[in-house]
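Just so it is clear: chains get the letters A, B, ... in the order the sequence lines come, proteins before strands, and each one is counted from 1. The figures here come from the full heavy-atom set of this structure, side chains too, leaving out hydrogens, waters and symmetry mates.
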Amino acid sequence: MGSIPRFWRENPSRYNLVGVKCDNCGRVFFPPRDICPVCHRESIGKMKRLELSGKGSVYSYTLVQDAHPQFEMLKPYILAMVEMDEGVKITSQIIDVKPEDVHIGMKVEAVMRKLGAEGNSGILHYGYKFRPVKE
Amino acid sequence: MRDVAIIGIGDTKFGELWDSSLRRIGIEAGIAAINDAGISGDEVDALYVGNMSAGRFIEQEHVAALIADYAGLTKNHIPATRVEASGASGALALREGYLSVASGEYDIVVIGGAEKMTDVGDEDITNIQAAAMDQEWESVFGATLPSLYAMMSRRYMHEYGATREQFTSVPVKNHANAAKNPKAQYRRAIKPETVLNATMVADPLGMFDCAPNSDGAAAVVLAPMEIAKKYTDTPVRIAGSGQASASLALHQRRDILTMDATVYAARKALKQAGRDVGDIQVAELNDNYTISEILALEDIGFVEKGKGAEFSSSGQTEIGGKIAVNTSGGLKARGNPIGATGIAQAVEIVRQLRGEAGERQVDGARIGLTHNVGGTGATAIVHILEVA
Ligand SMILES: [Zn+2]
C-alpha cells in the first residue's frame, strides 16, 4: 500500500503523534495542516507544532473480518476511532485486549507498533496503535 | 441557464457479467438510451462517462474515448470526458453533463456510467474501494471501507439506541423491491434473520449489510427542455442539481453520523427545484451499507436525526409508505457497479415518473430524488427529477 517515500514522509506524525494547534482559535488538528480550516487567512504562520499526549478514549470500533491482503495475518483485528484528550479523532487498531472487552468510552493510550510490511521489499512500517489504560 | 430534460434512458442487467467487457456493457447501455430517445448518433454533441477505477479493475484508463469509439460516436470527433468521484462518479457525470447543456454549450449529451469489477478478486476489490478513503491516515492503519461504515453503525446504535433488528429493514426492503426489477443482481426476497445471521464483514455489519461487487452500465440522454418534446412525450426535467464535499477521512468530520456533503447537496438541489423535502414521492438513496440509507434519510431531511432506523423499520420507506426508497432494489440488491450507480438511480426515477416501473410502480409519482455518495461521504450529489 503506497510507496516507501510516501510512508516515510509522514513519519514524525506517525511516530510521535505530532499535530498542530491553531494559535488563532486554539483548535487542534491531526495530522498537521498548514492552514486552519476555520480561521483560514488569520491562521497563516500561527499553526504551532503540538505533540499529542497519546491518551484518549474509544469513540467507536469494529472487529475487522474482511481485511486488506497486507493485514491478512492480523485478522480479525479491532479497528477503532479514538477521541484524543486534545479533542481530535484518530483511526487505528486496538491491541492487547479481547474484542468482547472493548467498549465505547474505554480509556486507551498510543503505543508504537509494526503496522505492516511493504509488498515484496519487506520493509517494515511502524506507527501508533492503541491499548487499554489500566484504570 | 437553460432547463434540461432527460429524454432517453438505458441500462444493462447488473451482476457478475463474466462474458461482457467494460466497453461492451457501456455501449449496450448507451445504445439503449439513444434508441429510447429516438435520436441518431449524429445528433450527439458530447459524451460523459462516470467510472471510478477502470485503471485498477481492468487496467484500462482513457475509457470515455474508448466507449465513444466503440459506440460509433468518433465519426464526428465529439468530446468524450471521464468523470471520477469514487462512488459518486455516476451522479457527477450526470451533473457535469447537465451543466454543459444548461450552459448552452451542448444540446444533445449522452451520459454513461460503467464499472467492470468482477475481473479482479475480492481482496483486490477491498483495496480498490479503500482508495476512496484517506490512504495515509485510514487505510495504512488497517481501515477498510466497510470497517468505517461499521464504526458509524456502532456509534449510531450507541447514541440513538437503534438495534440491528431495526437496521435489517433496509436490506429486507431493498431485496423485496429488487425481486420486482428484471435488471437487478439479486431478484429474491430475504428475511430479517438472513441479515442477522450472515457472515460478519466488520461487526455490526454482516454480508447482507453491504452492497455487492457488480458489473453493469447505465446511460441517459439529455436535451434542453425547449426541444425535448420533439423527441419524447415524456421528458423528465432535472429540476435541481446539488453537489458538495467534506473531509476525505471520516475521523476529521464534525460528526461521523451526519454526512454534511449530503446535507448541503440536498439543500441546494431542493432550493433550486423550489421544492420541500415533503414533496418527494420516490427516492433512490445511496445504500452502499445499511447505515448509509439510514443517515441519508436523516441528512436529506425525510426524518429527524436519530429517527432514521425507527422510521425505516416502521415500513415508511416501502412502496406505499410515506416515501418510497430504493424501488430499484438500491445498491444492495439491484447491484453496485460503482461508476454506473449514480446513472442507474436516475434511470429508475425516470421509469417511476414515466409510470414504467411495472410491479414496483409508485402510484402517481411526479417528483423524485437521487442521492449518490463517494467514499464515506466526502462527495455527495443530489438531483431532483420531475415530470415535465
Ligand atoms: Zn483556527
Discussion item. Holding to side-chain contact (heavy atoms from CB on, under 4.5 Å), I want the full list of residues that pass it with P204(B), two or more places apart in sequence or in another chain.
Written reply: A150(B), S153(B), R154(B), M157(B), R164(B)
Worksheet, complete the sentence: Per-residue tally against chain A (heavy atom, under 4.5 Å) across M152(B), Q252(B), E138(B) peaks at Q252(B)
Response to the item:
From the list N288(B), N174(B), N286(B), side chain to side chain donor-acceptor pair (under 3.5 Å) with E293(B) holds only for N174(B)
Discussion item. Using a 4.5 Å heavy-atom cutoff, which residues in residues 74-83 of chain A come close to chain B?
Written reply: Y77(A), L79(A), A80(A), M81(A)
Worksheet item: Which residues pass the side-chain contact (heavy atoms from CB on, under 4.5 Å) test with N197(B), sequence neighbours left out?
Response: E193(B)
Worksheet entry | Check: T168(B) side chain, P192(B) main-chain N or O, donor-acceptor pair, under 3.5 Å | no
Fill in: I256(B) versus chain A, the contacting section by heavy-atom distance below 4.5 Å
side chain
Discussion item. Keeping S247(B) on the side-chain end and A249(B) on the backbone end, is there a donor-acceptor pair under 3.5 Å?
Written reply: yes
Worksheet item: Do T194(B) and H175(B) touch side chain to side chain, with heavy atoms closer than 4.5 Å?
Response: no
Worksheet item: Measuring heavy-atom distances to chain A, does Q129(B) have an atom under 4.5 Å in its side chain, in its backbone, in both, or in neither?
Response: neither
Worksheet item: Any side-chain heavy-atom pair from F208(B) and L196(B) closer than 4.5 angstrom?
Response: no
Item to complete: Could you check which of R155(B), H158(B), R253(B) has the highest count of heavy-atom pairs closer than 4.5 Å to chain A?
Response: R155(B)
Can you give me every donor-acceptor pair (side chain of residues 29-44 of chain A, partner residue at least two apart or in another chain, under 3.5 Å) with its distance?
residue, atom, partner, partner atom, Å
H40(A), NE2, P37(A), O, 3.1
S43(A), OG, C36(A), N, 2.9
S43(A), OG, H40(A), O, 2.6

